[in-house]
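Below is one structure; the comments refer to it alone.
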Amino acid sequence: MNNLEILSPLERDMLGELLNVGIASAAVSLSQIIKQEVKLSVPKIAFLSAEEMAEKLGGDCLISSVSRHVSGPFEAQSMLLFPKKSSVEVVRKMLGEDVPLDMINDVHQEAFIEIGNIMIQACIDAISEVLNVSFKVSPADYQAASPYKLIPMTIGSEQAVILDAGIDFTLSNTAEKGALVFLLGPISLEGLKKSINDILSKFSTTPGEQ
Amino acid sequence: MKTKPTLVIVDDSKVARMMIYAIVSNQFPDWTVLEAGSGDEALSLAEKSAVDYLSIDFNMPGMDGAELMGKINAKYPNTKMVLMTANVQDAILMKVRALGAIAIAKPITEQSVKQMLEYFNE
């Protein structure tokens with residue numbers, strides 16, 4: 001499933017910029033937490049079905065996820081996803097390389113929730129600023145499971161669509177990779193589209209094409 | 001500074017370029033404002049016309065904003081540059097400062113663009 005065609009090229013561009021700003025803000029928070037650079041890939045937005053997203057994440061591998069429900073002009077479930085092994089590495093970087101692994105394993109869930117909380121909040125705050133709207137963000141929920149079990153097929157009573165910015169976080173000193181995605185239903189997609197157009201309408205002056 | 005400076009907005013997002021353009025042209029209607037969708041396009045514009053200022057995004061396909069800043073600085077050391085990015089990580093800020101430029105945090109708002117314009121007009 002790929003519903004990108006429901007958006008005009010300009011709406012798609014605005015959505016890309018919106019996600020870029022949100023995810024870059026989340027990456028800045030992560031880099032402050034782990035005290036190292038977080039590289040970002042160039043955005044390539046897509047709407048994926050839950051199954052397509054699960055396949056992209058490696059199907060049966062174990063993924064750590066922190067999710068927070070976002071509600072405002074539209075509703076979404078924001079999900080920070082890292083392979084479980086990488087999420088342990090992220091927590092190790094947060095706590096310090098000298099901390100023994102068994103201790104890291106003991107606090108992994110709590111620490112990863114904290115990381116997810118901060119990153120998702122930074123992302124939503126930045127998106128709110130661009131759209132000039134406010135969102136409520138629920139407390140974080142942690143899960144570790146295979147992507148097939150982790151990614152909900154529905155949101156409320158609607159079939160879920162995953163909005164994937166295609167921007168991966170990569171830790172500069174290791175190869176650990178993660179992503180932040182949004183789960184939306186059809187009604188939410190309409191709300192998102194309206195919010196995007198509200199902003200676009202403010203910038204109707206177009207410069208000359210190069 | 002010339003009386004009518006030329007600014008190039010470098011961003012792979014057309015919407016981002018539009019937003020910056022709208023604020024700049026409102027503040028300084030007599031400025032020449034050009035657009036580039038990539039680092040290569042910006043370099044080619046700089047070769048064709050005398051560019052005074054550049055507003056540069058960081059995360060773009062091809063060369064990133066910091067790489068472009070390095071190339072511009074080497075060839076046109078008097079050009080003033082601002083990195084407009086939400087990706088204000090320390091490692092990126094250090095690269096920008098080393099080139100004598102500044103970074104301003106996105107999102108693009110009236111306030112962040114005015115901050116950039118104040119820097120250009122210093």
Side-chain angles (χ1 to χ4, degrees), chain A residues 8-45 122-123 125-132 165-169 171-173 196-197 199-210, chain B residues 7-26 29 31-42 44-45 48-49 57-66 83-95 103 105-113:
Chain A
S8 71
L10 209 56
E11 289 169 341
R12 225 175 286 174
D13 186 309
M14 180 72 220
L15 180 59
E17 178 65 9
L18 190 65
L19 294 173
N20 196 21
V21 168
I23 291 176
S25 301
V28 172
S29 298
L30 178 60
S31 78
Q32 287 162 350
I33 294 168
I34 62 172
K35 298 166 205 79
Q36 69 166 250
E37 189 179 3
V38 178
K39 303 262 187 197
L40 294 177
S41 57
V42 176
K44 193 178 177 208
I45 56 166
C123 178
D125 285 349
I127 287 175
S128 303
E129 201 179 342
V130 177
L131 294 177
N132 200 21
I167 307 175
D168 294 328
F169 306 107
L171 273 51
S172 59
N173 298 346
I196 285 173
N197 278 301
I199 294 301
L200 283 175
S201 65
K202 292 184 186 165
F203 295 94
S204 52
T205 316
T206 49
E209 297 288 334
Q210 296 302 319
Chain B
L7 162 72
V8 179
I9 304 166
V10 193
D11 201 306
D12 59 322
S13 161
K14 182 173 168 58
V15 169
R17 298 196 304 267
M18 279 168 60
M19 290 167 102
I20 296 172
Y21 178 91
I23 299 166
V24 173
S25 63
N26 186 40
W31 283 23
T32 302
V33 184
L34 306 173
E35 285 184 75
S38 68
D40 284 330
E41 269 183 50
S44 136
L45 276 178
K48 284 182 216 154
S49 41
D57 179 31
F58 179 74
N59 199 14
M60 296 184 287
M63 77 178 84
D64 67 36
L83 192 72
M84 282 289 269
T85 179
N87 193 356
V88 284
Q89 295 185 51
D90 287 344
I92 293 167
L93 295 182
M94 278 165 66
K95 286 181 199 168
K106 271 187 181 177
I108 298 161
T109 59
E110 191 108 7
Q111 199 186 0
S112 59
V113 175

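All heavy atoms count here, side chains included; hydrogens, waters and symmetry mates do not. By convention in this document, chain letters (A, B, ...) are assigned in the order of the sequence lines, proteins followed by strands, and residues within each chain are numbered from 1. From a predicted model like this one, the values you see are computed outputs, not experimental measurements.
The distance from atom NZ of A/Lys39 to atom CG of B/Asn59, rounded to the nearest 0.5 Å, is 11.0 Å.
When heavy atoms are compared at a cutoff of 4.5 Å, B/Asp11 approaches chain A solely by way of its side chain, counted from C-beta outward. Interface residue A/Ile199: only side-chain heavy atoms are found under 4.5 Å from chain B. For chain A, no part of B/Ile9 is nearby; none of its heavy atoms comes within less than 4.5 Å.
Without hydrogens or angle criteria, B/Ser38 side chain to B/Pro61 main chain gives no donor-acceptor distance under 3.5 Å. The main-chain N or O of B/Gln89 is never found under 3.5 Å from a side-chain atom of A/Glu37 such that the two would form a donor-acceptor pair.
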Could you pull out all donor-acceptor pairs under 3.5 Å where a side-chain atom in residues 13-22 of chain A meets a protein atom, sequence neighbours excluded?
residue, atom, partner, partner atom, Å
A/Asp13, OD1, B/Ser13, OG, 2.5
A/Asp13, OD1, B/Lys14, N, 3.4
A/Asp13, OD1, B/Val15, N, 3.2
A/Asp13, OD2, B/Lys14, N, 2.7
A/Glu17, OE2, B/Lys106, NZ, 2.7

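Not counting sequence neighbours, B/Lys95 has no partner by the salt bridge (charged side-chain N to carboxylate O under 4.0 Å, His left out) test. Judged as a side chain to side chain donor-acceptor pair (under 3.5 Å), and not counting sequence neighbours, the contacts of B/Ser112 are B/Thr109.
Using a 4.5 Å cut-off between non-hydrogen atoms, the part of residues 27-34 of chain A that approaches chain B consists of A/Ala27, A/Val28, A/Ser31.
Contact annotation: the side chain of B/Glu35 never approaches that of B/Leu45 to less than 4.5 Å [non-hydrogen atoms, C-beta and beyond].
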